Amino acid sequence: MSDHKPVPYLGTPQATIAVLEKYKFVFQKRFGQNFLIDPRVLDRIIAAAEIGADDFVLEIGPGIGTMTQYLAASAREVTAVEIDQTLIPILKDTLKDFPNVEIINRDILKVDIGALAREKNQGRPIKVVANLPYYITTPIIMGLLESHVPFESITVMVQKEVADRMKTGPGSKDYGALSLAVQYYVKPEIVANVPPNCFMPRPNVGSAVIRLTRHTEPPVKVRDEKLMFRLIRASFNQRRKTLVNGLKNSGDLSFTKEQIEAAITAIGRPLTVRGEALTLEEFAALANEFTAKME
């Protein structure tokens, strides 16, 4: 392959409109399609993801190939997974000058990303980049985190509110199970806020680019990760209730009220405390208390 990689030409309103008109493309609301039309934002994403000449990149939801062109111009190889079959011929056209791109027409939630990393990157951690549809952001990110896919970082465009939720701490109304799960696996960092006019069609809300960098070691020591997340989910399912009542009423846990009260007291919290007041460290300590009692 030549060292001279093609230059990305998509990313402006004019180029995007030309592609859409050529293929008479109709936006599918069910896929939450909003295409980026601002080259400065695309440059920010590539810079934030720190894409280099030796990187294998997994892109989720390439759309018409706008960001794919930018990724391919910087990376060794890109695999782009697109669920919408009508976009495949468009991608084959817009990416025809980029020989280091493979397009897969599948639902990302059904792709074995671990196998992809082994095949394309000798099992080394990969970089994930995506402009995610709002309706499926959380399942995709949680799927990547919980499946222990080998990734170095995930750099994604998401709804601004979701980015804030991933980054926030106790005491905020945005703080919840997603915040704790994300912060257990990765370090979240908002790298850019993106207004609606950077997309076609324009979404109704602002967006943000967030980079999630994998921790080399989890920030807390917990003996039973699954139990910790069951406790977290139970405590946020009924936000207005005390932690005691949230855990006691959860169908997913089988501790007695006395066991729950003893564990909360053991981590130094009053019995009136609510789940949203606890830090990740405190949830880990709570899980370890229950685990110690069960042994």
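Atom set for the values below is all heavy atoms of this structure, side chains included, hydrogens, waters and symmetry mates excluded. Here the structure is a predicted model, which is why all the values come from computation and not from measurement.
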A.B. asks: Tell me, do Glu59 and Val81 make a side-chain contact under 4.5 Å, heavy atoms counted?
C.D. replies: no

A.B. asks: Thinking salt bridges, do Lys22 and Asp93 make one under a 4.0 Å N-O criterion?
C.D. replies: yes

A.B. asks: Going by the rule salt bridge (charged side-chain N to carboxylate O under 4.0 Å, His left out), which residues pair with Lys160 if we only count those two or more places apart in sequence or in a different chain?
C.D. replies: Asp164

A.B. asks: Determine whether a donor-acceptor pair (N or O, by modelled atom type, separation under 3.5 Å) exists between the side chain of Gln69 and the backbone of Thr94.
C.D. replies: yes

A.B. asks: What are the two closest heavy atoms between Arg202 and Pro196, and how far apart are they?
C.D. replies: CG-O, 3.6 Å

A.B. asks: Taking the inter-plane angle between the rings of Tyr185 and Phe229 on a 0 to 90° scale, is it parallel (under 30°), tilted (30 to 60°) or perpendicular (over 60°)?
C.D. replies: parallel

A.B. asks: Take Ile190 and Lys167 through the side-chain contact (heavy atoms from CB on, under 4.5 Å) test and state the conclusion after the steps.
C.D. replies: CA-CA 8 Å; Ile190 295 175; Lys167 203 176 176 315; 3.9 Å; yes

A.B. asks: Do Ile45 and Leu36 have side-chain heavy atoms sitting under 4.5 Å apart?
C.D. replies: yes

A.B. asks: Quick one: are Asn237 and Ser250 in side-chain contact, heavy atoms under 4.5 Å?
C.D. replies: no

A.B. asks: Starting at CE of Met67, measure out to OG1 of Thr155 and round the result to the nearest 0.5 Å.
C.D. replies: 9.0 Å

A.B. asks: Could you tell me whether a side-chain N or O of Asn105 sits under 3.5 Å from a main-chain N or O of Glu82, the two making a donor and an acceptor?
C.D. replies: yes

A.B. asks: Hey, does the side chain of Ser235 reach the backbone of Ile232 with a donor-acceptor pair shorter than 3.5 angstrom?
C.D. replies: yes

A.B. asks: Can you find a pair of side-chain heavy atoms, one from Leu132 and one from Val162, that are under 4.5 Å apart?
C.D. replies: no

A.B. asks: For the CZ atom on Arg44, are there more than 12 heavy atoms of other groups (residues, nucleotides or ligands in this structure) within a distance under 6.0 Å?
C.D. replies: no

A.B. asks: So, the side chain of Ser179 versus the backbone of Gly169: is there a donor-acceptor pair under 3.5 Å, distance only?
C.D. replies: no

A.B. asks: Side-chain contact, heavy-atom cut-off 4.5 Å: Leu91 with Ile64?
C.D. replies: no

A.B. asks: Look at the side chain of Gln183 and the backbone N and O of Met166, then say whether any donor-acceptor pair between them is shorter than 3.5 Å.
C.D. replies: yes

A.B. asks: Charged N to carboxylate O under 4.0 angstrom, Asp38 versus Arg40?
C.D. replies: yes

A.B. asks: Just so I know, are the side chains of Met200 and Thr16 near enough to count as touching, which here means a heavy-atom distance under 4.5 Å?
C.D. replies: yes

A.B. asks: Can you find a pair of side-chain heavy atoms, one from Leu280 and one from Glu282, that are under 4.5 Å apart?
C.D. replies: no

A.B. asks: What do the steps show when you test Phe98 against Thr68 for side-chain contact (heavy atoms from CB on, under 4.5 Å), and what is the final call?
C.D. replies: CA-CA 9 Å; Phe98 297 85; Thr68 325; over 6 Å; no

A.B. asks: Please answer whether the main-chain N or O of Gly114 pairs with a side-chain N or O of His148 as donor and acceptor at a distance below 3.5 Å.
C.D. replies: no

A.B. asks: Output yes when a side-chain donor or acceptor of Asn100 lies under 3.5 Å from a complementary backbone atom of Ala72, and no otherwise.
C.D. replies: yes

A.B. asks: Please step through ring pair (Phe, Tyr, Trp, His ring centres under 6.0 Å) for the pair Tyr175 and Phe236, ending with a clear verdict.
C.D. replies: CA-CA 9 Å; Tyr175 184 62; Phe236 284 99; 5.8 Å; yes

A.B. asks: Hey, could you give me the OG1/CD1 distance between Thr12 and Ile17, rounded to the nearest 0.5 Å?
C.D. replies: 8.5 Å

A.B. asks: Could you state the interatomic distance from CD1 (Ile37) to CD (Gln14), rounded to the nearest 0.5 Å?
C.D. replies: 8.5 Å

A.B. asks: For Pro62 versus Ala80, what's the shortest heavy-atom pair and its separation?
C.D. replies: CG-CB, 3.7 Å

A.B. asks: In terms of heavy-atom contacts, does NZ of Lys96 have more than 12 from other residues, nucleotides or ligands at under 6.0 Å?
C.D. replies: yes

A.B. asks: Identify the heavy atoms of Val149 and Arg214 that sit nearest to each other, and give their distance.
C.D. replies: O-NH2, 2.6 Å

A.B. asks: Working to the nearest 0.5 Å, report the span between CG of Asp112 and CZ of Arg106.
C.D. replies: 8.5 Å

A.B. asks: On a heavy-atom basis, which atom in Val156 and which in Ile154 lie closest, and how many Å separate them?
C.D. replies: CG1-CG2, 3.5 Å

A.B. asks: side-chain contact (heavy atoms from CB on, under 4.5 Å), that's the test. Do Leu87 and Gln85 meet it? Break it down for me.
C.D. replies: CA-CA 5 Å; Leu87 283 166; Gln85 202 167 352; over 6 Å; no

A.B. asks: Check this for me: does any side-chain nitrogen of one of Glu276 and Lys173 sit under 4.0 Å from a carboxylate oxygen of the other?
C.D. replies: no

A.B. asks: Between the main-chain N or O of Ala48 and the side-chain N or O of Arg211, is there a donor-acceptor pair closer than 3.5 Å?
C.D. replies: yes

A.B. asks: Identify, with sequence neighbours excluded, every residue that meets side chain to side chain donor-acceptor pair (under 3.5 Å) alongside Tyr9.
C.D. replies: none

A.B. asks: Keeping the roles fixed (side chain from Asn245, backbone from Lys241), state whether a donor-acceptor pair exists under 3.5 Å.
C.D. replies: no

A.B. asks: Please indicate whether Lys127 has more than 12 foreign heavy atoms, meaning atoms of other residues, nucleotides or ligands, lying under 6.0 Å from its NZ.
C.D. replies: yes

A.B. asks: Would a line drawn from the ring center of Phe199 to the ring center of Phe35 be shorter than 6.0 Å?
C.D. replies: no

A.B. asks: Using only atom types and a distance under 3.5 Å, with no angle test, would you say the side chain of Asp55 pairs donor to acceptor with the backbone of Gly52?
C.D. replies: yes

A.B. asks: Hey, are the side chains of Thr213 and Val186 touching, using non-hydrogen atoms and a 4.5 Å cut-off?
C.D. replies: no

A.B. asks: Identify which one of Thr168, Thr137, Thr138 satisfies the side chain to side chain contact (heavy atoms under 4.5 Å, CB included) criterion when paired with Leu178.
C.D. replies: Thr138

A.B. asks: With side-chain contact (heavy atoms from CB on, under 4.5 Å) as the test, would you mind laying out the steps for Ile264 and Glu261 before giving the verdict?
C.D. replies: CA-CA 5 Å; Ile264 293 170; Glu261 289 179 344; 5.9 Å; no

A.B. asks: Could you tell me which non-hydrogen atom of Gly65 sits nearest to which non-hydrogen atom of Leu95, and how far apart they are?
C.D. replies: O-CD2, 4.0 Å

A.B. asks: Any side-chain donor-acceptor pair under 3.5 Å between Asn121 and Arg76?
C.D. replies: yes

A.B. asks: Classify the side-chain pair Asp84/Thr86 by whether it contains a donor and acceptor separated by less than 3.5 Å.
C.D. replies: yes

A.B. asks: Is the CG atom of Asp107 crowded by more than 12 outside heavy atoms at less than 6.0 Å?
C.D. replies: yes

A.B. asks: CG/Asp252 to CZ/Arg230 distance, rounded to the nearest 0.5 angstrom?
C.D. replies: 5.0 Å

A.B. asks: Checking Arg124 against Phe56: charged group under 6.0 Å from the ring centre and within 45 degrees of the axis?
C.D. replies: no

A.B. asks: Just how far is it from atom CG of Leu58 to atom CD1 of Ile126, taken to the nearest 0.5 Å?
C.D. replies: 5.0 Å

A.B. asks: If I compare all heavy atoms of Phe151 with all of Leu144, which pair ends up nearest, and what's the gap?
C.D. replies: CE2-O, 3.9 Å

